[in-house]
Amino acid sequence: QLQASGGGLAQAGGSLKLSCAASARTGSFYTMGWFRQAPGQDREFVAAINLGGYTYYGDSMEGRFTISRDNTKNTMYLQMDSLRPEDTAIYYCAAQSGRSRLDPSTARPTKYSYWGQGTLVTVSS
């Protein structure tokens with residue numbers, strides 16, 4: 001139900017914007033989020049946004065990454081600026097099936113029932 005796109009190759013200091021298109025109305029997903037996974041590492045929480053537009057970011061993400069959603073287009077976005085080589089990873093979009101507040105539990109992958117296939121972001125130094 002979720003399709004991530006927009007990944008690619010960027011230079012350090014550059015920007016990329018990821019999109020996550022939902023086959024269902026994004027309004028049916030109260031909380032949506034982005035995760036990333038680098039080779040050999042655990043899946044890491046990036047950011048989440050709820051239907052009201054409130055956002056929650058992972059450690060070191062806020063300030064460089066901006067999450068947003070456009071429910072009229074059934075799409076969520078992740079604007080990534082000031083990219084670093086350590087941002088290299090597969091980025092996944094996800095959505096929760098229920099309704100819950102944005103708090104530290106939002107960062108748990110197990111909170112999300114729906115996942116996109118991932119889009120690869122590579123940042124060169």
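Keep in mind it's a predicted model, so treat the numbers as computed, not measured.
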Report summary line: Sorted by chain and residue number, the side-chain hydrogen bond (donor to acceptor under 3.5 Å, both in side chains) partners of Ser82 (sequence neighbours excluded) come out as none
**Report entry** Same apolar cluster (I L V M F W Y, side chains within < 4.5 Å links), Met80/Met61
**Finding:** yes
Query raised in the report: Once you round to the nearest 0.5 Å, how far does OH of Tyr56 lie from CD1 of Ile67?
Result: 13.0 Å
Report task. Check Ala22 against Leu2 and note the closest heavy-atom contact, atom names and distance. Result -> CB-CD2, 3.8 Å
Query - Residues that Phe35 engages under ring-ring contact (aromatic ring centres under 6.0 Å, His included), provided they are two or more places apart - result: Phe45, Tyr112, Trp115
Query raised in the report: Just how far is it from atom CD of Gln96 to atom OG1 of Thr31, taken to the nearest 0.5 Å?
Result: 4.5 Å
**Report entry** With sequence neighbours excluded, residues passing side-chain hydrogen bond (donor to acceptor under 3.5 Å, both in side chains) with Ser15
**Finding:** Asp81
Query raised in the report: To the nearest 0.5 Å, how far apart are CZ in Arg69 and CG in Leu51?
Result: 5.0 Å
Report task. Return the minimal non-hydrogen interatomic distance between Ala48 and Thr106, and the atom names on each side. Result -> CB-CG2, 3.5 Å
Query raised in the report: Are Tyr92 and Phe65 connected in a single hydrophobic cluster, I mean Ile/Leu/Val/Met/Phe/Trp/Tyr linked by side-chain heavy atoms less than 4.5 Å apart?
Result: no
Query raised in the report: Can you list the residues that meet the side-chain contact (heavy atoms from CB on, under 4.5 Å) rule with Ser5, with sequence neighbours excluded?
Result: Ser19
Report task. Quick one: list whatever passes side-chain hydrogen bond (donor to acceptor under 3.5 Å, both in side chains) with Glu86, sequence neighbours left out. Result -> none
Query raised in the report: Which pairs count as disulfide (SG to SG under 2.5 Å) when at least one residue sits in residues 87-125, sequence neighbours excluded?
Result: Cys20-Cys93
**Report entry** Within one Ile-Leu-Val-Met-Phe-Trp-Tyr cluster: Tyr114 and Tyr91, side-chain cutoff 4.5 Å
**Finding:** yes
Requested in this report: Could you tell me whether the side chain of Gln117 and the main chain of Ala4 form a donor-acceptor pair under 3.5 Å?
Outcome: yes
Query raised in the report: Is there a donor-acceptor pair under 3.5 Å between the side chain of Thr88 and the backbone N or O of Val123?
Result: yes
Query - Partner set under side-chain contact (heavy atoms from CB on, under 4.5 Å) for Arg108, not counting sequence neighbours - result: Ser105, Thr110, Lys111
**Report entry** Hydrophobic cluster identity match, Tyr57 and Leu83, side-chain contacts under 4.5 Å
**Finding:** yes
Requested in this report: Check side-chain contact (heavy atoms from CB on, under 4.5 Å) between Gln11 and all other residues, then give those that pass, not counting sequence neighbours.
Outcome: Ser124
Requested in this report: Return the minimal non-hydrogen interatomic distance between Leu16 and Gly6, and the atom names on each side.
Outcome: CD2-O, 4.1 Å
**Report entry** Under the side-chain contact (heavy atoms from CB on, under 4.5 Å) test, residues paired with Ser68 that sit two or more places apart
**Finding:** Tyr77
Query - Separation between CG of Asp70 and CE of Met76, rounded to the nearest 0.5 Å - result: 12.5 Å
**Report entry** salt bridge (Lys or Arg N to Asp or Glu O under 4.0 Å) contacts touching residues 31-56 (sequence neighbours left out)
**Finding:** Arg36-Glu44, Arg36-Asp87
Query - Donor-acceptor contact below 3.5 Å, side chain Asn71 vs main chain Asn74 - result: no
Report task. Just jot down the ring-ring contact (aromatic ring centres under 6.0 Å, His included) partners of Tyr54, sequence neighbours excluded, or say none. Result -> none
